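Remember, predicted model here, so these are calculated numbers, not experimental data. Throughout, protein chains are lettered first and strands after them, A, B, ... in sequence-line order, and every chain is numbered starting at 1.
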Amino acid sequence: NAGVTQTPKFQVLKTGQSMTLQCAQDMNHNSMYWYRQDPGMGLRLIYYSASEGTTDKGEVPNGYNVSRLNKREFSLRLESAAPSQTSVYFCASTPQAPGGGNTIYFGEGSWLTVV
Amino acid sequence: KNEVEQSPQNLTAQEGEFITINCSYSVGISALHWLQQHPGGGIVSLFMLSSGKKKHGRLIATINIQEKHSSLHITASHPRDSAVYICAVGSQGNLIFGKGTKLSVKP
């Protein structure tokens with residue numbers, strides 16, 4: 001009963017390095033999301049994918065790219081990491097297109113530190 | 001002004017107490033979500049509601065659409081209820097999150 005699985009759980013990067021956060025869901029959901037969570041702030045949407053083959057920017061997309069590899073997988077890439085990208089990243093999915101009427105399922109989070 | 005406001009930001013209670021966490025929002029919504037986040041852990045959906053009231057075990061969530069307000073109640077609180085509780089509203093195709101209420105229940 002995996003739900004939403006994201007890797008890695010923890011990562012330390014040097015400024016300028018690149019990395020990819022992986023996310024997979026096994027619930028046959030159409031929509032997937034990447035959020036970041038910073039102290040004192042609510043979850044903020046980085047990118048989302050309403051359905052396989054589509055991606056759209058969220059509130060804070062700068063410095064990130066995404067790929068919806070297939071219906072199950074949605075990856076987040078940091079091309080040139082900056083200290084401002086130190087955060088906790090959450091992948092999530094919902095059965096249907098983005099909106100508030102679907103239960104949202106989250107991964108366990110990825111703690112990323114950029115030094 | 002934040003579109004989703006939660007109160008209180010922090011809450012400490014003794015085991016067994018009745019707890020209320022409030023959420024007010026300023027936008028039109030399709031649904032409201034209550035989420036739970038344990039320290040160092042993932043985020044779990046507790047409730048999704050668009051009207052009235054829902055109950056799961058010791059947790060009760062209510063919403064008043066006219067007043068744009070929702071409450072999450074925990075009856076007979078327990079230390080394992082210690083977590084951050086997050087309110088989120090679905091609006092215009094997206095979710096808007098509150099900053100969370102950190103609850104600590106002491107034995």
(request) Step through it carefully: locate the ring centre of B:His33, locate the ring centre of B:Phe47, and say whether they are under 6.0 Å apart. (result) no
(request) Could you tell me which portion of B:Ile86 (side chain, backbone, both or neither) has an atom closer than 4.5 angstrom to a non-hydrogen atom of chain A? (result) side chain
(message) Is it the case that the side chain of A:Thr94 and the backbone of A:Ile104 share a donor-acceptor pair, with hydrogens and angles ignored and the cut-off at 3.5 Å?
(response) no
(message) Within the 3.5 Å criterion, strictly below it, is a donor on A:Tyr89 or A:Tyr64 matched to an acceptor on the partner's side chain?
(response) yes
(message) Suppose a student defines contact as a heavy atom less than 4.5 Å from any heavy atom of chain A. Which residues in residues 97-107 of chain B would they list?
(response) B:Phe97, B:Gly98, B:Lys99
(message) Taking side chain as everything from C-beta outward and backbone as N, CA, C, O, which of these in A:Tyr105 sits under 4.5 Å from a heavy atom of chain B? Side chain, backbone, both or neither.
(response) neither
(request) Give me the contact list for residues 75-84 of chain A versus chain B, heavy atoms only, anything under 4.5 Å, ordered by residue number. (result) none
(request) Name all residues meeting the salt bridge (Lys or Arg N to Asp or Glu O under 4.0 Å) criterion together with A:Asp38; count only those two or more places apart in sequence or in a different chain, and write none if there are none. (result) A:Arg36, A:Arg44
(message) Suppose we screen for side-chain contact (heavy atoms from CB on, under 4.5 Å). Which residues come up paired with B:His38, at least two apart in sequence or across chains?
(response) B:Gln36, B:Ala83
(request) Heavy-atom distances under 4.5 Å only: say whether B:Gln37 touches chain A with side chain, backbone, both or neither. (result) side chain
(message) Within the 3.5 Å criterion, strictly below it, is a donor on B:Asn22 or B:Ser71 matched to an acceptor on the partner's side chain?
(response) yes
(request) Could you look at B:Leu35 and say if it's the side chain, the backbone, both or neither that has a heavy atom under 4.5 Å from chain A? (result) side chain
(message) I need the A:Thr55 OG1 to A:Lys57 NZ distance, nearest 0.5 Å.
(response) 9.5 Å
(request) Identify the heavy atoms of A:Ser31 and A:Ala50 that sit nearest to each other, and give their distance. (result) OG-O, 2.8 Å
(request) Could you tell me whether a side-chain N or O of A:Ser49 sits under 3.5 Å from a main-chain N or O of A:Thr54, the two making a donor and an acceptor? (result) yes
(request) Look at the side chain of A:Ser93 and the backbone N and O of A:Gln25, then say whether any donor-acceptor pair between them is shorter than 3.5 Å. (result) no
(message) Heavy-atom cut-off 4.5 Å, strictly under: side chain, backbone, both or neither for A:Gln37 against chain B?
(response) side chain
(request) Please check if any side-chain donor atom of A:Gln6 sits under 3.5 Å from a side-chain acceptor atom of A:Ser110, or the reverse. (result) yes
(message) Determine whether the aromatic ring centres of residues A:Trp111 and A:Phe10 are separated by less than 6.0 angstrom.
(response) yes
